[in-house]
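The structure appears below as structure tokens.
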Amino acid sequence: MTTIHNLGFPRVGGKRELKFALESYWKGNASRDTLENVGVQLRKRHWDQQSGLDLVPVGDFAYYDQVLDMSFTLGNLPERVHGFQGDALDNYFRVARGRSAQGTEGHGCCGGVAAGEMTKWFDTNYHYIVPEFNTATEFRLDASRLLEQLAEASAQGVKAKPVIIGPITYLALGKSKDQSAKLALLPRLLPVYAALLDTLAGEGVEWVQVDEPILVTELDAEWQHAFNTAYHQLKVCKVKLLLATYFGELKENGYLAANLPVAGLHIDVTGSHDDVQPLINLLAPHKILSLGVVSGRNIWKTDLTAVLDRIEPLAERLGDRLWIAPSCSLLHVPVDLECEQQLDPEIRSWLAFALQKLDELRVLGRALREGREAVAAELAANRAALAARRASPRVNNPAVQTAVASIDPRDGQRDSAYPERARKQAALLKLPAFPTTTIGSFPQTAEIRLARSEHKAGRLDDAGYKKAMQAEIARSVREQEALELDVLVHGEAERNDMVEYFGEQLDGYAFSRFGWVQSYGSRCVKPPILFGDISRPRPMTVEWTRYAQSLTAKPMKGMLTGPVTILNWSFVRDDQPRSVSCRQLALAIRQEVLDLEEAGVRVIQIDEAALREGLPLRRAEWAQYLDWAVESFRLCANGVSDETQIHTHMCYSEFNDIIASIAAMDADVITIETSRSDMELLDVFKQFKYPNEIGPGVYDIHSPNIPTQEHIVRLMRTAAKRIPAERLWVNPDCGLKTRGWAEVIPALANMVAAAKTLRAA
Ligand code: GLN
Ligand code: ZN
């Protein structure tokens, strides 16, 4: 009989209970007992919700992050938090969030501590706390967290399968602080893993899920070898290991994975089935093959009939050796579609969140055990929903499809090359040397948020809302004129979020109310759902921008989010390639760009904050992604005349691998994050001979510190050693919406003063 199991469950709770409990604990408004009690209740509920599965994950719950949990389990705490006298959970939060020396927040007290670095978990929008290593790193088992959760689970009668991150992925995801080779730590790490597995065996555990998603990436020989070393050493342990891989295919690592001495292997087959046959041929006859057949990454219903068509013959062949599961942990999808009673029922009928995905799994399990007839009604309903989605006029817009099919490569091409455009723009804009600007948003004050929520709730009418926003825009313009900035922005008061704002105005997008997904710690995001062909029924930003421009004689920047970023921060369609959805978005934003130009806006910024994060896990696939991403940007931006200045903005600081693509976007001006890297990242622009203008961010907007004029002058002089001064702009790292006016005004005053000093020199 086929075993059905789950790899992990969203931990924050359908109503974000964990978020609120954490935040009130951190503020000192709730006790540790209260917080821990919420943890207990959530685990209990989540295990209940997984009833009927043959194996249920335990240990997937974390107060902040599963990788940080693993660091604590392995006793790998950064040096700076060693010897902490308070409670272990407080120490855990110290690593997760850092603590300022004066800070009174929270519990446990004592001394400032830097937060652990955070980075993206593979190609998801979840962020983990990076394990820190150095040559002296030692490991020591602390299985207490897992054992507690295991005890809770067994008291509840849960068929528990503890989940841990495997040793090779753990090392691969960490960072060596002294440049020493991480793999040199393996001999010290493995005994701790062995002790952990034996401890679990002592508790009567049969199966342990060991996550090694690094196996879906390209591995050097060294790392491949490390897999063999590790699992040969761990094979003596008295538990069965299910080696779990996800987020892609094993491809060339298939042979390695199939031959590791583990009892079972889980693979993600939602993208392609190419791995399956070769693996079946390679796997020793006693090994389990677990197939991830329900996507843990998107919110669409699974085509259950198509899955059965594929796996029934495998079940026949493999018998008990076939298991099925979601492709990966359900951490990356919202909890329960049932909460979405306000969502359009037609669209809702196409979706499945975590609980619905588990139902799908139960149906598949029954079909395999009892035959399809046993679930005929469920399968018929599933087929009907999928057919309705395929045929829906909400999904298919022939006009959009025609427009995409008739894209002409010249649409992405400006009339003239950059030098010619730069001359024309300079003549028109008459900007000084080292022009100053900001990235778009100004402080989102309490009044702005109140007006927005009152408007959403229907207590403030459209006219009242418009007046309130115009007052904010007028304030931003006044402040910028007083500061003597050169290119102004309207301040984005009317935007709650740089993707949602556009999604709400585009056809083809839907919004959930509770579709929260953990981004990091207590922070959750609610990605919009891109379900259909994208079109723009009417202008989205023109009126606000036109109003802002009417208040000043200085150039007002039109402010848009780019197609690649909108795509990368949404739940996207599974019925067409991402590249196609991206082109549709590009055409819609292009119309907005052209309307802004038509309205007399001379400078238009198109933010691509998430372009880099869309890079595929395998380098071999990068070029293809970058091709369509850059093409989409060009398509949306380059329909304007030479005189219109196109800006783009990217708030990150790694351009090494993508500089050619950045240059190919051909924006007249790019503003980037640089302040924390001391302008070093401009080296790659210099080496590449990046031809257009650059605004290297001169101060970090994440910090409340006010940069001094001297500091900014020094940074810009450093920048001018790499990029010719006549192509440099002066601006902050990113938007200012999270700061207060009291910080923004002096910071920008120093920035403008610095620009004046530079001009005078
Ligand atoms: N224009 C946006 C802002 O200023 C850009 C935000 C971003 O890059 N993340 O808020
Ligand atoms: Zn930014």
Side-chain angles (χ1 to χ4, degrees), residues 118 120 125 127 436-445 448-449 452 469 472-473 476-477 479-480 485 487-503 519-520 523 525 527-528 540-541 544-545 548 556-570 589 592-593 596 601 603-614 633 636-637 645-655 662 665 667 669-677 681 694-703 729-741 743-744 747-748 751:
M118 201 163 61
K120 268 162 64 80
N125 284 328
H127 301 74
T436 55
T437 191
T438 60
I439 304 305
S441 56
F442 273 113
Q444 289 260 332
T445 59
I448 296 178
R449 282 198 294 268
R452 191 179 308 116
M469 292 302 117
E472 292 295 336
I473 292 173
S476 296
V477 173
E479 298 291 3
Q480 293 173 86
L485 284 150
V487 174
L488 310 195
V489 297
H490 77 289
E492 301 180 28
E494 79 290 2
R495 301 183 192 177
N496 41 347
D497 176 278
M498 62 189 284
V499 171
E500 193 168 85
Y501 179 77
F502 291 94
S519 172
Y520 61 89
R523 201 178 137 73
V525 293
M540 305 182 281
T541 64
W544 300 119
T545 315
M556 175 62 58
K557 246 193 308 194
M559 198 59 60
L560 303 172
T561 303
V564 188
T565 298
I566 296 182
L567 183 87
N568 284 343
W569 284 345
S570 301
I589 304 290
E592 189 72 14
V593 169
L596 282 170
V601 178
V603 183
I604 300 170
Q605 176 175 314
I606 305 164
D607 293 330
E608 283 293 15
L611 187 129
R612 192 178 198 290
E613 65 180 64
F633 180 86
C636 95
Q645 189 170 66
I646 295 288
H647 289 218
T648 189
H649 164 70
M650 297 182 186
C651 35
Y652 39 81
S653 44
E654 289 165 60
F655 290 92
I662 300 297
M665 288 165 65
V669 182
I670 181 171
T671 55
I672 54 178
E673 173 187 314
T674 28
S675 68
R676 280 181 290 185
S677 72
L681 93 96
I694 308 182
V698 292
Y699 81 90
D700 176 11
I701 57 92
H702 296 101
S703 149
W729 285 62
V730 185
N731 48 261
D733 264 352
C734 192
L736 298 163
K737 71 173 174 193
T738 58
R739 301 262 65 95
W741 279 106
E743 295 156 340
V744 163
L748 292 180
M751 189 183 90

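Ligands are counted one by one from 1 in listed order, and the atoms in each one are counted from 1 as well. Any value given below was found using the heavy atoms of this structure, including those in side chains, with hydrogens, waters and symmetry copies removed.
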Worksheet item: Taking both backbone and side-chain atoms of Ile439, is any N or O found less than 3.5 Å from an N or O belonging to ligand 1?
Response: yes
Worksheet item: Which of the atoms of ligand 1 are close to His649, meaning less than 4.0 Å from one of its heavy atoms?
Response: 8 (O)
Response to the item:
In ligand 1, the atoms that come under 4.0 Å of a heavy atom of Gly735 are 3 (C), 4 (O), 10 (O)
Fill in: Approximate separation, where rounding is to 0.5 Å, of Ile701 CD1 and Asn731 CG
12.0 Å
Item to complete: Look at atom 6 (C) of ligand 1 and say which protein heavy atom is nearest, naming residue and atom and giving the distance to 0.1 Å.
Response: Met498 SD, 3.5 Å
Item to complete: Quick one: the SG of Cys734, the Zn ion (ligand 2), NE2 of His649 angle, rounded to 10°, please.
Response: 120°
Worksheet item: Is any side-chain heavy atom of Leu681 closer than 4.5 Å to a side-chain heavy atom of Glu673?
Response: no
Practice prompt. Would you kindly say whether His490 and Thr545 are connected by a side-chain donor-acceptor distance under 3.5 Å?
Written response: no
Discussion item. To check you understand the geometry: which heavy-atom pair defines the closest contact between Trp569 and Pro527, and what is its length?
Written reply: O-CB, 3.7 Å
Fill in: Carboxylate-amine/guanidinium contact Arg612 Glu654, below 4.0 Å
yes
Practice prompt. Determine the minimum heavy-atom distance between Asn568 and Ala610, stating which atoms define it.
Written response: ND2-O, 2.9 Å
Worksheet item: Which one holds for Lys737 and ligand 1: side chain close, backbone close, both close, or neither close, with close meaning a heavy atom under 4.0 Å?
Response: neither
Item to complete: Could you check whether the rings of Tyr520 and His127 sit parallel, tilted or perpendicular, using 30° and 60° as the cut-offs?
Response: perpendicular
Discussion item. Quick test: of every protein heavy atom, which one is nearest to atom 10 (O) of ligand 1, and how far off is it to 0.1 Å?
Written reply: Ser441 OG, 2.7 Å
Worksheet entry | Any N/O pair Gln605/ligand 1 closer than 3.5 Å | no
Worksheet item: So do the side chains of Glu492 and Lys737 get within less than 4.5 Å of each other, counting heavy atoms only?
Response: no
Worksheet item: Which ligand 1 atoms are under 4.0 Å away from a heavy-atom of Cys651?
Response: 7 (C), 8 (O), 9 (N)
Worksheet entry | ligand 1 atoms in contact with Gly440 (distance to a heavy atom under 4.0 Å) | 4 (O)
Worksheet item: Quick one: does Trp569 get an N or O within less than 3.5 Å of an N or O on ligand 1?
Response: no
Fill in: Subset of ligand 1 atoms that lie under 4.0 Å from at least one heavy atom of Cys734
6 (C), 7 (C), 8 (O), 9 (N)
Worksheet item: When Leu560 is tested against each of Ile566, Thr648, Leu596 for side chain to side chain contact (heavy atoms under 4.5 Å, CB included), which residue passes?
Response: Leu596
Worksheet item: So which heavy atom in the protein is nearest atom 1 (N) of ligand 1, and how far is it from that ligand atom?
Response: Asp607 OD2, 2.7 Å
